[in-house]
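To find a chain, count down the sequence lines: A is the first, B the second, and so on, and within it residues start at 1. As a basis for the values below, the full set of heavy atoms in this structure was taken, side chains included, without hydrogen atoms, waters or symmetry mates.
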Amino acid sequence: MISRRTLIGGLTALTGAAASGLMKTAHADANATPASPGIDDRGGRPWVPVWTPNGRTLPYKRVGGVKEFHLTAAEFEHEFAPGCKALCWGYNGSTPGPTIEAVEGDRVRILVTNHLREHTTVHWHGILLPNGMDGVGGLTQPQIKPGETWAYEFTLRQAGTHMYHPHADEMVQMAMGMMGMFIIHPKNGYEVPVDRDITIMLMNWALHPGTRRPDPSVMTDFDLWTLNGKVYPATAPIPVGLGERVRVRFGNLSMWNHPMHLHGHRYWVTGSDGDRWPRSAWKPETTEIVAVGQCRDIEFVADNPGDWAFHCHMAHHTMNAMSHTLPNPIGVDAGAVEKDLNTLLPGTMLMGRNGMADMSAMRGVQGPPNTLPMMMGKGPYGSIEMGGMFTVLKVRDGLKPGDYADPGWYHQPPGTQARRVAFDPRWAVSSGMAGTQMSDDGGLAHPGDAGMQDMPGMSHP
Amino acid sequence: MKHPFMGLMPVLLLAGCASIPADHGFSRVQHDTQTRGAPAIATAADAQTRDQVDALLSRPLSADSATMIALLNNPDLRITYARLGLSGAEVLRAGRLSNPALSAGLGFTGAVGAVTRLTYGLAQDFASLLLLPSRTRYAKAQFARTQMQVSAAVLRKAAEVQGDYFAYVGARELAAMQQQIAAALDTRARLAQRYYQAGNISALELYLQQSQAMQAQLDALRANAAATQARIVVNRDLGLGADAPQWTAPRRLPLPVSREDDLATLQQLAQRRRLDLQAADTDVTALEHFLDATRTYRLLGGLTVGVDGERGTDGVHSFGPTLALELPIFNQGQSRVLSAQSLLALARAQRASLKLDIANDVHSAYARMDAARHLADVYRRRYLPLREAVLNSTQQEVNYMLKSPFDLILAREQEFDAYRGDVEAVRDYWTARADLSRAVGTRLPSDARIGDRTLPDEAPLPADIGRLKGRDKTDTQGPMSPSPSMKAMPGMSGDDPRQMDMQHMDMPAAPASTGGAR
């Protein structure tokens, strides 16, 4: 008969082993398969462990009955995408810092070591705790000076999606990248369990072209917009199994609201940083605004196979650095001036006359050092022309649970893809199809016109 | 009867034989100037000289060939040469004895049987004979002095011609740069016009661009006018008129020499070789001797020796010597001595002043040359690469649509502007150098190193990239006049003696992470 103590001790040993295993893999590549579903030591209910694309979960160790975590705040070199690195500030060598994952009822102790050159604190956004643990420098505690290690300790009495970030020199420290997600699972589990639980931190950066350090004084004119610290195409794709229930948790510590839009599915907004909403409050969306300082949980069943764009719907947020003061080149016919320009500056081309799609197709032009092109990404059918807050939800049949490896591109079954009908630009006119049919009033469309005038068997209205 | 003065005749004749060379001392001038690096001089516009000049004009001018042409062809120098003749006449005059005076007289009496009285005499001023050697020496010294002054004038003229030549080539190059600048801004304005036509920029923005382009066009016109004037100055120096053959010059000045002369060496050279200083020395020496002679003979006023004869009315001949001697009673020649002393003091003071002028002149010209050289060096090695880096970085940003083509053209125009500064510095270098040559009074030793800094032809100046194909004939009409549309780029010759020292700017080192606990 195994005593309860032995069982707990054994499970503790298992957890400890798993935890130390987690510690070892703490700095492994973001897209690697995470640890097998964690086992909560309170009654053994399985939670699907939260997956942080391009990131990791913060390991803990058991000290007494307390889960002890350790965050170290420091400056480090962060890569936004290959070709763009910057000196950012973060926790444990990443921005966002590692995701803290715990369970309602846990007592947690978070040690914070400050390796910045100025003081800091950590505030636990949305978490109900004693005032002295709130982490507001000057108000609830003296700041953590450079070199010092402080301990925050409190018991979790809620469940939901939360965040952590500094509350000392807050504007600068957050602008430089200091933030992370804090996920609390309910102690009694989820009435509707999910098969995959994903957390994404939204952030913006003023990394001016040709520089290597974010500019914290910029409030509205940002250059890079990130999901978990990455811009497309470095954002990890999100693979989910066909028919799986998926939860995505957003946290927004950028300085702009983000309407997060998912293609091919309708999702339910099921929670915020005020914790999980009752079912009666769930609302259906395909685009939900996550405002500054907010969190949002969305849940959906991935019942539509394919590669689905999943992005912020602010079009500038899916671009990398661009100029906002450029004289508009659209429609400009430079004519003979372009030749003279080439004589003056050999090899110069005037770009943007017909739009900016040429930008992403250009190969071999060199931009400023450490700067990404405005639009990037190559899909199976051509350039995707995206950047910033863009990723792809890949719904595949037969994916194993917990497998987050990139399954490659989706092959659309025959008959389910948009197809070309004609090459000739005059095709629509000659066939008499409306839309291009010029009527006496200059081609304006009228209600009821749509495609019906010259169809066989249809009389004129 | 033996006439005593017959024995004097040979002495007298010999004493009167001061002479000057048949070419009026010109060969000395030729020698002195040519040993100081000046080319040959022509004193008259004969057919041979004309042929030489035409041959030199048929090739593109260099500083040396311009000097040659000037010394052969410029009539101004012939004004100077005539002074040689005038001075020579002085020598002749000084070396000649005054002629003897013959007197004769008749006396008529009314008495019967009386013979007409006849008196005759021959008198020679001997004071001049005594003074003859010193006067001759003085006149010869003055002649030598004149020769040196003429040589100095020739050398000054040569340096002036060189300076004007460099000023012209520099002005022309500057005008070409201004054209480049104007053309770049014109392209920019025309691009703005296209943007405006597409409805993408405002009229205000367009006018601003066009104003900038127009300003540059005005600057180019001014620079062209200045270059035309500079050409006319050279034309005049070469002794050419309005119908002269159109001569050409290279498009660019050469680089400064690899190594300059040492200032102390040049100072010593100047003190030794400056001909006007040697002329002053000659003057002082001559006046010293003149003072000696004046002192020696100060009591000597007039001395006339002669013979006198008379046939009286009684028919009796008498004959005998005569002597007239000025007695120094009321005046002992003090004024002459004082005069000579003052002239000597004046000459000495002038020589001292000239020495000072020369030393400071050399120093001043050297300093100007050195400053311009340093400027050109900094432009070429540091500033122009920087502007190129600005252009390249701007191009990178334009590639990513972070900056517009307008920014790019402006960066290019600013690069041209920097080149303009370089051209100015090089022109200042060469004009200062010509002035230095004048101040030193001889061709500079470092002239041997002109052209030893050559650059590969395949490294064109960025300004060259602006030239249109097929328009690299050398200029024959002087500076290009800007065409109304401003689309014409000045033709640039293919052989570019200059290269930019393209130091690539170091990229910033990869940031060192302060590291966190990992």
With no hydrogens and no angle check, is any side-chain donor or acceptor of A:Thr226 less than 3.5 Å from a backbone partner on A:Asn228? no
message = If you apply the rule ring pair (Phe, Tyr, Trp, His ring centres under 6.0 Å), what do you find for A:Phe222 with A:Trp205, and how did you get there?
response = CA-CA 6 Å; A:Phe222 295 100; A:Trp205 309 81; 9.5 Å; no
Worksheet entry | Residues, nucleotides or ligands: over 12 heavy atoms within 6.0 Å of A:Met314 CE | yes
Is the B:Tyr419-B:Tyr379 ring centre distance short of 6.0 angstrom?
no
(Q) Please confirm whether the ring centroid of B:Tyr429 lies under 6.0 Å from the ring centroid of B:Phe166. (A) no
Minimal heavy-atom distance between B:Ala418 and B:Leu384, with the atoms involved, is CB-CD2, 3.6 Å
Heaviest contributor of heavy-atom pairs below 4.5 Å to chain B, chosen from A:Leu350, A:Thr371, A:Asn328, is A:Asn328
Whatever's closer than 4.5 Å to a heavy atom in chain A on B:Phe406 counts as side chain
Greatest number of non-hydrogen atom pairs under 4.5 angstrom with chain B, of A:Pro327, A:Pro209, A:Gly90, falls to A:Pro327
Counting heavy-atom pairs under 4.5 Å with chain A, the top scorer among B:Met401, B:Glu397, B:Gln395, B:Gln197 is B:Met401
If one checks every heavy atom of B:Leu391 against chain A at 4.5 Å, the contacting part turns out to be side chain
When the 4.5 angstrom heavy-atom criterion is applied to A:Leu372 and chain B, the contacting part is backbone
The interface call for A:Thr325 against chain B, heavy-atom contacts under 4.5 Å, is neither
